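Report on one structure; see the data block that follows.
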2 protein chains.
Amino acid sequence: MIDMDVVLDNIDLQILNLMQSNARISNSDLAKEINMAPSAVLERVKKLEQKKVIKQYNAAIDPASVQQKLLAFIFIKSKEGFTCCSDIAQQLANIPEVQEVHHIAGEDCFLIKIRTADSASLMALMRNSLQKIPNILSTKTTIVLETVKEQQQLVIPKPVKAIV
Amino acid sequence: MIDMDVVLDNIDLQILNLMQSNARISNSDLAKEINMAPSAVLERVKKLEQKKVIKQYNAAIDPASVQQKLLAFIFIKSKEGFTCCSDIAQQLANIPEVQEVHHIAGEDCFLIKIRTADSASLMALMRNSLQKIPNILSTKTTIVLETVKEQQQLVIPKPVKAIV
DNA sequence: GGTGAAAGGAGTCATCC
DNA sequence: GGATGACTCCTTTCACC
């Protein structure tokens, strides 16, 4: 079921480009930007949501404002065996503070991105949640000192304006 | 100017909690959820935007749908010296495919998160953009095979309902 | 798949509490 | 700060193309 026949035309790409950095744009503004009727644009947006091209609309919140000042990446090595790997992945994903779980190439099995209030709460979380997951062999933690850039915007190919 | 007197009460936290996973919620629905008048809620949302507690509203787009199937993390080691470091950070941040730039603790200087169409385009980007940045000593690339979880939602302390 | 119009609903602002 | 009400604009639907 991966990679269904999701075919996106230039208009879809324009919509995605506008919405990925301004998700609360009104449908009528969206329609003005791309020179179409609001109803037609609305239908396209709904289809993009249905097809899961648009997965969710998020408000990006400043972590420090809600006392989540520590960001860390942790490499997690696990015992061999693919069934256990996807178990571990799921258990990691269930931890709310874990924002990302990636299965990676190379010796280490997973890379996770995690946010907590401070280093003490990271330590507590590692003891209480991470270490209790079976089949984890070792972890290697990288603490972020400063985040220079953090955005989820994708590079969407700019639609080629047709010559009228 | 970092950490201004941003004081968030329970109502603000409720708003953030609702909007971080549903940024296109209408203001009136938001008002219903937290039992307040729409105008009062709107004012709070605007203040949260002004104070940069809400940084942006994003549509989370499925990367595969727009031909961005490769995700990689790259550790970048640079020459010593703090001034050169922030220069490098800025140049890394200017690359559109680079979604995140973190200054990290330890031997390596930076960790970046980068998305491209495929491994060939990652190679091209490393040759054309990364390698041309001065003072970069070495890079270590980690390719993601599969992403199990990827969300930017923060753990916001659940407001304690006051006893009425 | 897009348009245009019409009804219902939401955003916005001034005013009062 | 929050509520109310009025005005305006937007969303949503549907018949038509």
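Please read all numbers here as calculations on a predicted model, not as lab measurements. All values below were derived from every heavy atom in this structure, side-chain atoms included, with hydrogens, water molecules and symmetry-related copies excluded.
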Under 4.0 Å from OP1 or OP2 of dT11(D): is there any side-chain N or O of Ser28(A) that close? yes
First encountered from the 5' end of DNA chain D, between Lys32(A) and Lys46(A): Lys32(A)
I'd like to know if the side chain of Asn135(B) reaches the main chain of Lys79(B), judged simply by a donor and an acceptor atom lying under 3.5 Å from each other, with no hydrogens or angles considered. no
Nearest-nucleotide 5' precedence on DNA chain C, Val41(A) against Asn27(B): Val41(A)
Met36(A) vs Asp29(B), nearer the 5' end of DNA chain C by closest nucleotide: Met36(A)
In whole angstrom, what separates [X]'s [atom1] from [N]'s [atom2]?
{"X": "Glu43(B)", "N": "dT15(C)", "atom1": "CD", "atom2": "P", "answer": "16 Å"}
{"X": "Leu42(A)", "N": "dG4(C)", "atom1": "CG", "atom2": "P", "answer": "16 Å"}
{"X": "Lys47(B)", "N": "dT12(C)", "atom1": "NZ", "atom2": "P", "answer": "16 Å"}
{"X": "Asp12(B)", "N": "dG1(D)", "atom1": "CG", "atom2": "P", "answer": "10 Å"}
{"X": "Glu33(B)", "N": "dA10(C)", "atom1": "CD", "atom2": "C1'", "answer": "16 Å"}
{"X": "Arg24(A)", "N": "dG11(C)", "atom1": "CZ", "atom2": "P", "answer": "7 Å"}
{"X": "Leu48(A)", "N": "dG1(C)", "atom1": "CG", "atom2": "C1'", "answer": "14 Å"}
{"X": "Leu30(B)", "N": "dT12(C)", "atom1": "CG", "atom2": "C1'", "answer": "15 Å"}

Salt-bridge test for Lys69(B) and Asp118(B): reply yes if a basic N is under 4.0 Å from a carboxylate O, no otherwise. no
Proximal nucleotide (of dG2(D), dG2(C), dT4(D)) relative to the Ile11(B) side chain: dG2(D)
Where the side chain of Arg44(B) is concerned, which of dG2(D), dC10(D), dG2(C) is the nearest nucleotide? dG2(D)
Answer with yes or no after comparing the ring centroid distance for Phe110(B) and His103(B) against a 6.0 Å cut-off, counting only values under it. yes
Quick one: do the Tyr57(B) and Glu49(B) side chains pair a donor with an acceptor below 3.5 Å? yes
Donor-acceptor pair (no angle test) under 3.5 Å: Ser39(B) side chain, dT4(D) base: yes
Is there side-chain contact between Leu130(A) and Leu92(A), with heavy atoms separated by less than 4.5 Å? yes
